[in-house]
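Okay, structure first, notes after.
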Amino acid sequence: QVQLVESGGGLVQAGGSLRLSCAASGRTFSTYVMGWFRQAPGKEREFVAAIRRTDEATYYADSVKGRFTISRDNAKNAVYLQMNSLKPEDTALYYCAAARTHSVYTSRWDYWGQGTQVTVSS
C-alpha cells in the first residue's frame with residue numbers, strides 16, 4: 001500500500017518555474033515506478049512524466065520534454081517534478097501516481113494522490 005500527497009502547486013506567470021513534490025508513505029515505495037499526470041478542466045487526465053525504480057530511467061510526454069524534469073529520492077520516499085518555462089497550457093491539476101510498471105495509461109497506475117493545482121497566467 002502506498003499513500004501519496006502532493007505539494008508545491010501555485011500561480012505563476014508564463015515562463016516561470018515551479019517544483020512539485022510528492023511525499024509517499026509505505027515501505028514498498030522504492031519498488032514502484034513513480035509518475036506525474038495532469039488534468040485540465042474539461043479534458044482527460046494525461047501522462048506527464050515517470051521515473052523507474054531500478055535504473056531511474058525517465059519518460060516524458062512530448063509536450064513537456066526539455067522543460068520538465070522528474071526525480072526521486074528513495075531515502076526520503078519522495079518524487080519531484082521541476083517545471084521550467086511554464087506555459088498557460090500547462091495549467092492543470094497535477095497528480096502523483098505509483099505503479100508496478102511504467103505506462104502512459106492512467107488505468108495501469110495503482111495509487112494516486114489528491115492533486116495539486118498549477119495555474120500559469122499569460
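Quick caveat, the model's predicted, so the values are computed rather than measured. The figures that follow rest on heavy atoms only: side chains count, while hydrogens, waters and symmetry mates do not.
Taken from CD in Q114 to SG in C96, the straight-line distance is 11.5 Å, to the nearest 0.5 Å. The OG1 atom of T106 lies 9.0 Å from the CD atom of Q39; values are rounded to the nearest 0.5 Å. Of the inter-residue distances, the one linking N77 atom CG with R72 atom CZ reads 9.0 Å to the nearest 0.5 angstrom.
With contacts defined as side-chain heavy-atom distances shorter than 4.5 Å, the pair V118/L20 qualifies.
T91 contributes no side-chain N or O that, together with a main-chain N or O of T119, makes up a donor-acceptor pair within less than 3.5 Å.
Screening residues 4-20 for side chain to side chain donor-acceptor pair (under 3.5 Å) gives S17-N84 as the qualifying pairs, with residues at least two apart or on separate chains.
With sequence neighbours excluded, no residue forms a ring pair (Phe, Tyr, Trp, His ring centres under 6.0 Å) with Y80. For K65, the salt bridge (Lys or Arg N to Asp or Glu O under 4.0 Å) partners two or more places apart in sequence, or in a different chain, are D62.
Closest non-hydrogen pair, A24 versus L4, comes out as CB-CD2, 3.6 Å. When all heavy atoms of S122 and P88 are compared, the closest pair comes out as CB-CG, 3.9 Å. Taking all atoms of both residues into account, the shortest heavy-atom contact from A50 to V33 is CB-CG1, 4.3 Å. The two residues Y111 and V2 come nearest to each other via the heavy atoms CD2-O, 3.4 Å. Residue I51 comes nearest to V79 through the heavy atom pair CG2-CG2, 4.2 Å, listed as atom of the first residue, atom of the second, then distance. For the pair I70 and W36, the tightest heavy-atom approach, listed with the atom from each and the gap, is CD1-CD1, 3.6 Å.
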Criterion side-chain contact (heavy atoms from CB on, under 4.5 Å) on F47 and V64, from CA distance to verdict: CA-CA 10 Å; F47 169 76; V64 306; over 6 Å; no
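No side-chain donor from either of Y60 and R67 sits under 3.5 Å from a side-chain acceptor of the other.
Taking the ring centre of W109 as origin, the terminal cationic atom of R45 falls outside the region bounded by 6.0 Å and 45° from the ring axis.
Salt-bridge formation is detected for the pair R38/E46: a Lys NZ or Arg NE/NH1/NH2 atom is positioned less than 4.0 Å from an Asp or Glu carboxylate oxygen.
Checked against the 6.0 Å centroid criterion, the rings of F37 and Y95 do not qualify as a close aromatic pair. Taking the six-membered ring for Trp and the full ring otherwise, the centers of H102 and Y32 sit at least 6.0 Å from each other.
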